[in-house]
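Report on the structure given below.
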There are 2 protein chains.
Amino acid sequence: MGLIGKQTWEFASQPVLISTGTVVGPKEGQGPLGHDFDMVHQDSYLGQGSWEKAERRLMEEACETALSKAHLKADQIDIFYAGDLLNQIVTSGFAARTLATPFIGLFGACSTSMESLALAAMTVDAGYANYALASTASHHSTAERQFRYPTEYGGQKPLSAQCTVTGSGAAIVGKAGEGPRITHATIGQVVDLGVKSPFEMGPAMAPAAVDTIAQHLKDTGRKPEEYDLIVTGDLARIGHKIAAELLEQKAGLFLGDLFKDCGILIFDPDQEEVFSGGSGCACCAVVTYGHLLKRMERGELNRMLICATGALLSPLSTQQGESIPCVAHAVVIERGRWD
Amino acid sequence: MGLIGKQTWEFASQPVLISTGTVVGPKEGQGPLGHDFDMVHQDSYLGQGSWEKAERRLMEEACETALSKAHLKADQIDIFYAGDLLNQIVTSGFAARTLATPFIGLFGACSTSMESLALAAMTVDAGYANYALASTASHHSTAERQFRYPTEYGGQKPLSAQCTVTGSGAAIVGKAGEGPRITHATIGQVVDLGVKSPFEMGPAMAPAAVDTIAQHLKDTGRKPEEYDLIVTGDLARIGHKIAAELLEQKAGLFLGDLFKDCGILIFDPDQEEVFSGGSGCACCAVVTYGHLLKRMERGELNRMLICATGALLSPLSTQQGESIPCVAHAVVIERGRWD
């Protein structure tokens, strides 16, 4: 127990994913998973005065939903791990102010969903928290103006671009209770094969996902078929195809139909301007906590590996000609205590 | 053991602070603690092409120094917790790429030094790492142009402003070995009393420091005099005075000469443009890992509480008229295994 192999944490007590909250914007609500989310907003401003304030409300609502479903109050949460894409993760900082719980801010770009869940599980497993809350959020319009062009400019994008998910997912991890169990987490190392274009995030992140998935299987001594699904965070269509190829070529791992991607699952390719698929901190969080856990609850899945991928670039690092360092963190969720 | 009281982690195994590395810029080298740092650069560019690249080198050098002193190689580090002030913490992301260790990125502004040390200690204590590395970095010139004015503009500052420390501190935490022990960490919650000016960080952060210090003493049942020092991260002269007053008024705690601040210690008030004192992610890290641990090694200190404070603002949140959410995380370091 503890650290196994090189990068994997095995949780002896198998902490329980007690409850989740998922809140999304209009486009995500119209997508194929629309009915799996707790709340779908029709107004991407959520009635707030700015998109940044809207993003903050998304996280607050996701956390409130998770708390409400677990019949817990914020002051029963011992630790809140959260992160987002905005500079200085202000969405999480302001949400933490609202919740008034002990707060550890994270930045792992779109890998933050599983980064925060891994830390929440470790903290509970090791006895430092009775209840830990993990959350991430992103908003299409705040990400556009921070990372790409002013929204009003209407810049054209290549088809390799991805569409940042507007939403937030939150999960409460506890020592006991009903719900799926968190059994392992594999913490990724930074991989950078030299991609420089911020419109090619999926291809940039694919090698990091491959590295973490292969390491997870090596550390645990497991085969891919011991999982019902192995799911990447937001590689989207182009990146996911590259990851599947790299897994086969570099690690001799053929995942086939086991291998899915939250960025592909969340949108219908026919939806307007989704390009290669979804991205953003919220993508993996809402698909996992909304859609995939519902499938597990229905008995369709017994064990899944969720590998959230993050591109650790900044607009300044891109302008200064740097390539994109990427990281992926994976968490194993098992069916467990519903049955 | 584990969680005690409301917000404090008690580490049963008392992980060891095996080694540290501290690297600073010219101004910090000329300050009163100049001789306590492992490396003092005379060129704030470190021979790099940009200040951002220089900041990255600072972190890499601090980590390399800590590894070298511990006779460890980077691939023996099981987990690297790091953060900085730059958007999307690119300094840490790039340093993690160089180190090629499993990486968890943090953002807690200037509280990141103790945030990363607390997580490193927890991870080792709970058996998820044999060696954990914690690091933070900041650079005066990267912070100026990101948070305030373009450096070339030469904007005037009020005397309540603080001077961002150019430097980086790194610490390696292990299960056993010689060195001081990490016995507790108190994780702060966000406190925001409505300060809006980014030139008044110390006053904005003071209530968060007070909250965490008071909670730490409550959780552990200790009195201030059980510590040889209680040190805040970077409140600087104005903020530290406010914190001392608030501790007395709100919590009935009179700390007197026990109560120090890294932002005051690092510069001489007569140095040019240090204003109210030092700030930045590196401030608390280099003062603690350089100066204070040397004092402990000499037998002058047996137990200290280091409370790093962070202002979780972004330039955008300030422009949008938001006040500054603040947080403080505290770690207890005891003399232990040198004697």
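In what follows, chains are A, B, ... by sequence order, proteins preceding strands, each numbered from 1. In this text, all values refer to a predicted model and were calculated from it rather than measured experimentally.
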* A:Tyr81 and B:Leu119: which non-hydrogen atoms are nearest, and at how many Å? -> OH-CD2, 3.7 Å
* Check: A:Ser317 and B:Phe94 side chains under 4.5 Å, non-hydrogen atoms -> yes
* Asked: Under a 4.5 Å heavy-atom cut-off, does chain B meet the side chain of A:Thr186, its backbone, both or neither?
  -> neither
* In terms of heavy-atom proximity below 4.5 Å to chain B, should A:Thr142 be classed as side chain, backbone, both, or neither? -> neither
* Asked: Heavy-atom distance under 4.5 Å between the side chains of B:Val90 and A:Leu312, does that happen here?
  -> no
* Of the backbone (N, CA, C, O) and the side chain (C-beta and beyond), which part of A:Leu85 lies under 4.5 Å from a heavy atom of chain B, both, or neither? -> backbone
* To do: With a 4.5 angstrom heavy-atom cut-off, could you sort out which part of B:Thr123 is near chain A: side chain, backbone, both or neither?
  => both
* Region of A:Phe80 that comes under 4.5 Å of a non-hydrogen atom in chain B -> neither
* Asked: A:Ala129 versus chain B, heavy atoms under 4.5 Å apart: side chain, backbone, both or neither?
  -> backbone
* Structure fact -> The interface call for B:Leu313 against chain A, heavy-atom contacts under 4.5 Å, is backbone
* To do: Select one option (side chain, backbone, both, neither) describing which atoms of A:Gln215 are under 4.5 Å from chain B's heavy atoms.
  => neither
* Asked: Which answer fits A:Leu316, side chain, backbone, both or neither, if we ask what part of it has an atom under 4.5 Å from a heavy atom of chain B?
  -> side chain
* To do: Measure distances from B:Thr101 to the heavy atoms of chain A and classify the residue's part below 4.5 Å as side chain, backbone, both or neither.
  => backbone
* Begin from the C-alpha positions of A:Arg97 and B:Gln189 and carry the test side chain to side chain contact (heavy atoms under 4.5 Å, CB included) through to its verdict. => CA-CA 8 Å; A:Arg97 181 178 71 182; B:Gln189 55 188 43; over 6 Å; no
* Sub-4.5 Å side-chain heavy-atom contact between B:Phe107 and A:Ile104 -> no
* With a 4.5 angstrom heavy-atom cut-off, which part of B:Thr91 approaches chain A: side chain, backbone, both or neither? -> neither
